[in-house]
Each structure stands twice: as structure tokens, then as C-alpha cells.
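These notes are about the structure you will find just below.
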Amino acid sequence: MSEYKKRYVVIKSNRDFSYLFKKGESVVTYGFICYVKPRRAGKNRLGIVTGKKVGNAVKRNRARRIIREAFRLTDPIIKEKLTGRYDFVFVARSKTPSLKTGQIMSLIEKSVLPKIMNLG
RNA sequence: GCUGUUCGUUAUAUAAUCGCGUAGUGUGGGAACAUUAUGAGGAAAGUCCGGGCAUCACAGAGCAGGGUAGCUGAUAACAUCAGCCGAGGGCGACCUUAGGGCAAGUGCAACAGAGAUAUACCGCAGCGGCUUUCAGCGGCUGUAAGGGUGGAAAGGCGAGGCAAGAGCUCACCGGAAUUCGGGAGACCGGAUUGCCAUGUAAACCCUAUCCGAUGCAACGCCGAUUGGUACGGGGAAUAAUGUGUCUGCUCGACGCACCCCGUUUAAGGCGGCUGGACUCUUUUGGCGACGAAAGAGCUAGAUAGAUGAUUAUACACGACAGAACCCGGCUUAUCGACGGACAGCAUUU
RNA sequence: UGGGAUAUCGCCAAGCGGUAAGGCAAGGGACUUUGACUCCCUCAUGCGCAGGUUCAAAUCCUGCUAUCCCAA
């Protein structure tokens with residue numbers, strides 16, 4: 001699970017999550033809530049939060065998979081447009097399991113990317 | 001054909017592209033890459049029972065505490081399952097059933113009612129008395145049939161009997177004791193005696209029987225700085241005292257206290273981890289649960305947590321729902337589809 | 001993942017087999033010129049849901065549902 005193999009790295013520690021929730025820029029859509037924060041070096045990092053409110057274990061798994069797949073597909077686009085590296089935390093909402101990956105992708109492109117561009 | 005009862009099976013499929021976990025093989029110094037195989041359930045869920053496995057004194061004793069409660073069997077074990085018995089429900093197939101003991105002791109039974117485990121209010125009778133007449137008043141004695149209350153009034157119901165009544169006597173029914181027969185047993189059937197016990201143990205309790213505690217975040221191994229603690233070994237002491245662990249208490253057991261020597265905990269990683277009371281097929285024993293033999297097979301093992309996405313086609317348009325140490329059950333959720341057996345009713349032959 | 005607790009009126013709650021105390025809030029009335037304070041009256045059709053035991057269940061038993069806590 002080193003950083004060479006994957007295009008992105010998973011955020012694990014509770015400390016990183018709470019840091020992003022406090023200091024990161026938030027983007028709210030009907031599919032998810034996203035927190036972004038620039039990073040100095042390394043790879044892009046991804047964290048997904050699926051709370052109890054999303055549903056039972058099947059729905060939480062589905063939400064996680066959809067977001068991960070959408071991020072995987074949009075990752076090259078992010079790298080083309082942006083030079084810097086970022087931390088992302090996606091929080092799933094109760095609608096998320098009923099959505100499709102394409103919808104999440106378009107949401108990321110439309111809402112999240114401009115926000116990051118503004119950050120510089 | 002309609003209405004049911006019951007037992008099973010199944011749980012979208014196919015193709016293409018991109019992507020993920022594990023294992024094998026190959027290339028490579030390594031990171032990694034390529035390729036092949038494989039990758040959630042009938043309930044994986046709830047965590048309600050039982051067992052394996054691991055550690056704690058190798059698993060102690062007594063009391064306390066908790067579980068179970070018709071019988072026989074199945075099983076590693078069980079509160080599970082099978083067959084049977086009793087009770088209840090259904091025309092029936094069939095279904096439901098915590099189903100030991102209030103005759104060891106204690107408790108509780110509100111309100112109502114005269115009276116709640118014994119009683120006598122209204123009554124029903126007999127005796128004698130007073131007021132004196134077609135009756136009334138109070139007294140003594142007998143009684144529990146009738147009245148009303150209640151969930152329950154001391155067996156039920158009918159006949160005899162009697163002053164009136166009463167298991168007072170008798171027949172039938174219910175229950176009890178003794179006894180005979182049948183059965184592996186629960187229990188069933190018969191005979192005799194005799195006239196009798198309110199309900200409640202999912203109240204305390206008694207009887208029989210079972211249970212040590214903690215749970216893979218158990219447990220074992222590796223592990224940097226710093227600090228101090230913990231662990232191991234040896235010695236002294238083993239009289240007393242204090243204290244820790246073994247379940248709550250009592251006993252009992254093993255330590256600790258003083259000295260010397262050695263090692264080391266905590267982030268994290270690896271093991272435990274999946275080959276097992278396993279799966280399938282055939283034969284076979286048993287009414288059945290289940291067992292035996294032979295052959296074949298290997299079928300998830302993640303660690304912020306792998307099964308997804310997109311497109312196309314088909315139809316019944318896809319429910320409930322995601323392994324986390326492993327098994328056996330129970331309970332709960334569930335769109336539907338298919339099959340077997342059986343019952344009742346109607347019609348036809 | 002494992003272990004434990006709770007659920008009673010809109011809110012806080014008592015109740016340990018005999019038919020749901022109390023306070024706050026709400027509604028009505030009295031007092032007052034009016035308001036507040038104070039006083040009186042009203043307010044649970046069953047105690048999270050479904051079964052069972054019992055003459056009788058919020059209470060006892062069983063199974064579910066929801067919420068909360070602990071270990072990490």
C-alpha cells in the first residue's frame with residue numbers, strides 16, 4: 001500500500017479528518033459534502049465518511065464505492081488542470097446510494113474544481 | 001375447479017470495456033508489472049442459547065447466584081431437533097403448548113359481598129315466650145338447598161331421605177389413594193376403597209438436573225528515543241501482619257514485601273486466520289432427528305475494511321440485505337417464481 | 001466487534017401484581033382598572049410494540065423496536 005502503486009492515498013487517522021473539517025474549504029452539493037485543503041507534496045489523498053444516517057451497511061458500502069469510483073475517474077482531469085496536490089474528504093449524504101457515478105463525477109467537475117481554482 | 005394445510009428449491013442472466021482484494025506462476029536488484037484462478041448470505045442481521053479454540057491455580061470445596069423443567073431418543077452441546085404422551089383449537093389436512101411440586105413451609109387475593117378458608121345477612125325448619133289473632137316481635141337450637149357479590153363460596157348433576165336440610169345414602173361423571181395389567185417411558189385401561197383438597201410457583205420457595213471466569217480488541221512473537229515501571233531467575237523469610245489474583249462471601253491455593261542478577265512494556269507490524277463436528281455423489285442402518293462406509297473436491301479471508309462502475313440485450317423489471325476467529329440452532333426482515341405431498345367442498349366419469 | 005442500561009402526559013418524572021402521585025407547561029374560571037403573583041377546576045383509555053402467565057399486568061415472562069452508555 002505504498003504511494004507508488006496507487007494514484008491516490010487513503011486518509012486514515014482521525015487527526016487528519018478533524019483538521020480538514022476545521023480548516024478545509026467546504027463544497028456542499030445534494031450528492032455529497034466535500035472538504036478540500038492544499039497539500040505540499042506527495043499524492044492526492046482521499047477520505048470518505050459514511051455516517052450512520054446514510055443507511056444500513058449495504059447502503060454505506062454503496063455510497064463509499066460510488067464516491068471512490070467517481071474520484072478515480074476524475075483524478076486524471078484534476079491532475080491536468082491543477083498543479084498542486086490536495087487532500088479531499090467526501091461526506092456521503094442520505095441520497096448518495098441512489099445516485100449514479102456519472103452524476104457524482106459531474107458534481108465534482110462543476111462544483112469542486114472551480115472552488116480549487118479560486119484557491120489558487 | 002375453488003378454498004386451504006404442510007414440506008422443499010431458488011434469490012436476475014449474458015457479453016464488452018475500465019477498476020479492486022487474495023493466492024499461484026513468470027519477469028525484475030527492488031518498487032512493481034504481466035498473466036491465470038478465485039472472491040458475501042438464506043438470513044452473512046439480532047446477539048437470544050449451545051459448543052470449539054485461547055488465557056487465567058491444569059480449571060479446587062461449600063454457600064450464594066443463574067439456566068432448564070412431560071417421556072424416549074439424536075447430538076460435541078443446547079433453551080435446538082425427531083418421534084411419542086397429556087391438554088387446547090380446527091369439519092379436516094394439521095396447528096399450538098415454560099407441560100414438575102400449593103397434600104413441606106411462607107406470602108398475596110384490590111373492589112364487591114353476610115362471609116375469602118372459613119362464615120351465617122336475607123332465608124328454611126323445630127322448640128317454647130310475649131303482644132293477643134288469622135299476624136307481628138324478639139329468644140334458643142338445627143341447617144346450608146335457594147338469593148345476591150365475586151375470577152373463586154369447599155366436588156357437579158339427578159334420585160332417595162329429612163321438621164328443614166346436608167355425600168347423610170345411592171347411580172353416573174370429575175378428582176384422590178391402594179392395587180392389577182399393558183408400555184422403554186411419559187402415560188393408558190381395569191378393579192377396590194372412600195367422599196375430598198379455592199386460586200396463584202412466568203410469588204418466595206421445594207425437588208431433580210446442569211453451569212469456574214473472561215473473550216480473537218482472547219492470546220503468542222518482533223519492536224526506536226526517553227523515562228521509569230513491569231516481567232523472569234536466584235537467595236533470605238515461609239512466625240506474624242498487610243496486600244494482589246483466582247467470581248460475590250467463607251475456606252483453600254499461588255504469589256508480592258527485603259537483597260542480587262538479567263530482560264523489557266506502551267505507536268505499529270506479524271501470527272492467531274481458515275482444511276472444517278467441511279462440501280458433493282453413491283450405497284446403507286433408522287418411522288425420524290441423525291449415523292456408517294466408499295469415492296471425488298478445496299470453496300472469501302479484508303484490516304478505514306476487497307465484489308464496483310459504464311454500455312448493450314432479455315424478461316418476471318430484481319425484495320430483505322454485506323463475511324470480520326469458527327461452527328450448531330433460535331428469532332426477526334424479505335419482491336417474487338417453481339415443485340412435491342395432503343385435506344375439505346363442488347362438479348364430471 | 002463485545003458488554004450493559006433505559007423507554008410512563010408537550011417536558012421533568014413517582015410507581016417493585018389490585019386499576020396511573022407530583023411539578024412545569026397548556027386551556028377555563030376567580031382575584032385586579034389591566035398585567036404578574038396567588039387560589040380553584042380540566043388534561044394519560046393505557047405506560048415503546050406484539051404475544052403469553054394470572055381472576056387481574058405499567059409491574060412477571062418471551063420476542064422485537066428505538067435511544068443512550070462502556071471497552072478500543
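Every chain is numbered from 1 and lettered A, B, ... according to where its sequence line falls, protein lines coming before strand lines.
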Return each pair, listed once, that meets ring-ring contact (aromatic ring centres under 6.0 Å, His included) where at least one residue sits in residues 90-111 of chain A; pairs must be two or more places apart or across chains.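 Applying ring-ring contact (aromatic ring centres under 6.0 Å, His included) to every pair that reaches into residues 90-111 of chain A, excluding sequence neighbours, yields A:Phe32-A:Phe90.
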For [N] and [M], measure between their [atom1] atoms and round to the nearest Å.
{"N": "B:G107", "M": "C:A56", "atom1": "P", "value": "25 Å"}
{"N": "C:U6", "M": "B:G42", "atom1": "P", "value": "38 Å"}
{"N": "B:G83", "M": "B:G182", "atom1": "P", "value": "29 Å"}
{"N": "B:U279", "M": "B:A44", "atom1": "P", "value": "14 Å"}
{"N": "B:A176", "M": "B:G101", "atom1": "P", "value": "11 Å"}
{"N": "B:A40", "M": "B:U10", "atom1": "P", "value": "16 Å"}
{"N": "B:A324", "M": "B:G21", "atom1": "C1'", "value": "14 Å"}
{"N": "B:G165", "M": "B:C124", "atom1": "C1'", "value": "8 Å"}

A:Glu69: which residues meet the side-chain hydrogen bond (donor to acceptor under 3.5 Å, both in side chains) condition with it, sequence neighbours left out?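 Once residues adjacent in sequence are excluded, the partners of A:Glu69 under the side-chain hydrogen bond (donor to acceptor under 3.5 Å, both in side chains) criterion are A:Arg72.
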Toward the 5' end of RNA chain B, which comes first, A:Lys59 or A:Ile48, by nearest nucleotide?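 In this pair, the answer is A:Ile48.
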By nearest nucleotide on RNA chain B, pick out whichever of A:Ala57 and A:Arg64 is the more 5' one.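 Looking at RNA chain B, the more 5' nearest nucleotide goes with A:Arg64.
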Show the nearest heavy-atom pair for residues A:Pro114 and A:Glu109, with the distance to one decimal.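 In terms of heavy atoms, the two residues are closest at CD-O, 3.5 Å.
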How close do A:Tyr86 and A:Pro38 get, heavy atom to heavy atom, and via which atoms?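 Closest pair (atom of A:Tyr86, atom of A:Pro38, distance): CD2-CA, 3.4 Å.
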Is it true that a side-chain atom of A:Thr74 and a backbone atom of A:Phe71 form a donor plus acceptor pair closer than 3.5 Å?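 Yes; at least one donor-acceptor contact below 3.5 Å.
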Please check if the side chain of A:Thr96 supplies one atom and the backbone of A:Ala92 the other of a donor-acceptor pair under 3.5 Å.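 Side chain of A:Thr96 to backbone of A:Ala92: no pair is present.
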Complementary nucleotide for [N] - Watson-Crick or wobble, under 3.5 Å:
{"N": "C:C31", "result": "none"}
{"N": "B:A64", "result": "none"}
{"N": "B:C33", "result": "B:G26"}
{"N": "B:A218", "result": "none"}
{"N": "B:G136", "result": "B:C130"}
{"N": "C:A7", "result": "C:U65"}
{"N": "B:U265", "result": "none"}
{"N": "B:A323", "result": "none"}

Could you classify [N] for me, syn or anti, using a glycosidic angle within 90° of 0 as syn?
{"N": "B:A184", "value": "anti"}
{"N": "C:G52", "value": "anti"}
{"N": "B:U119", "value": "anti"}
{"N": "B:G42", "value": "syn"}

Rounding to a whole Å, what distance do you find between [X]:[atom1] and [N]:[atom2]?
{"X": "A:Ile104", "N": "B:G308", "atom1": "CD1", "atom2": "P", "answer": "17 Å"}
{"X": "A:Ile67", "N": "B:G308", "atom1": "CD1", "atom2": "C1'", "answer": "13 Å"}
{"X": "A:Arg72", "N": "B:A306", "atom1": "CZ", "atom2": "P", "answer": "15 Å"}
{"X": "A:Asn61", "N": "B:A323", "atom1": "CG", "atom2": "C1'", "answer": "11 Å"}
{"X": "A:Phe90", "N": "B:A304", "atom1": "CZ", "atom2": "C1'", "answer": "17 Å"}
{"X": "A:Phe71", "N": "B:G19", "atom1": "CZ", "atom2": "P", "answer": "17 Å"}
{"X": "A:Met105", "N": "B:G19", "atom1": "CE", "atom2": "P", "answer": "14 Å"}

Does [X] have any side-chain contact (heavy atoms from CB on, under 4.5 Å) partners at least two apart in sequence or in another chain, and if so, which?
{"X": "A:Val58", "result": "A:Asn56"}
{"X": "A:Arg64", "result": "A:Ile48, A:Thr50, A:Arg60, A:Asn61, A:Arg68"}
{"X": "A:Arg62", "result": "A:Ile66, A:Pro97"}

Under 3.5 Å, which protein N or O atoms sit close to an N or O of nucleotides 309-311 of chain B? Give each pair with its distance.
from, atom 1, to, atom 2, distance (Å)
B:A309, OP1, A:Arg62, NH1, 2.1
B:A309, OP1, A:Arg62, NH2, 3.4
B:A309, O3', A:Thr101, OG1, 3.1

OP1 or OP2 of B:G308 sitting under 4.0 Å from any side-chain N/O of A:Arg68?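 Checking A:Arg68 against B:G308: no side-chain N or O falls below 4.0 Å of OP1 or OP2.
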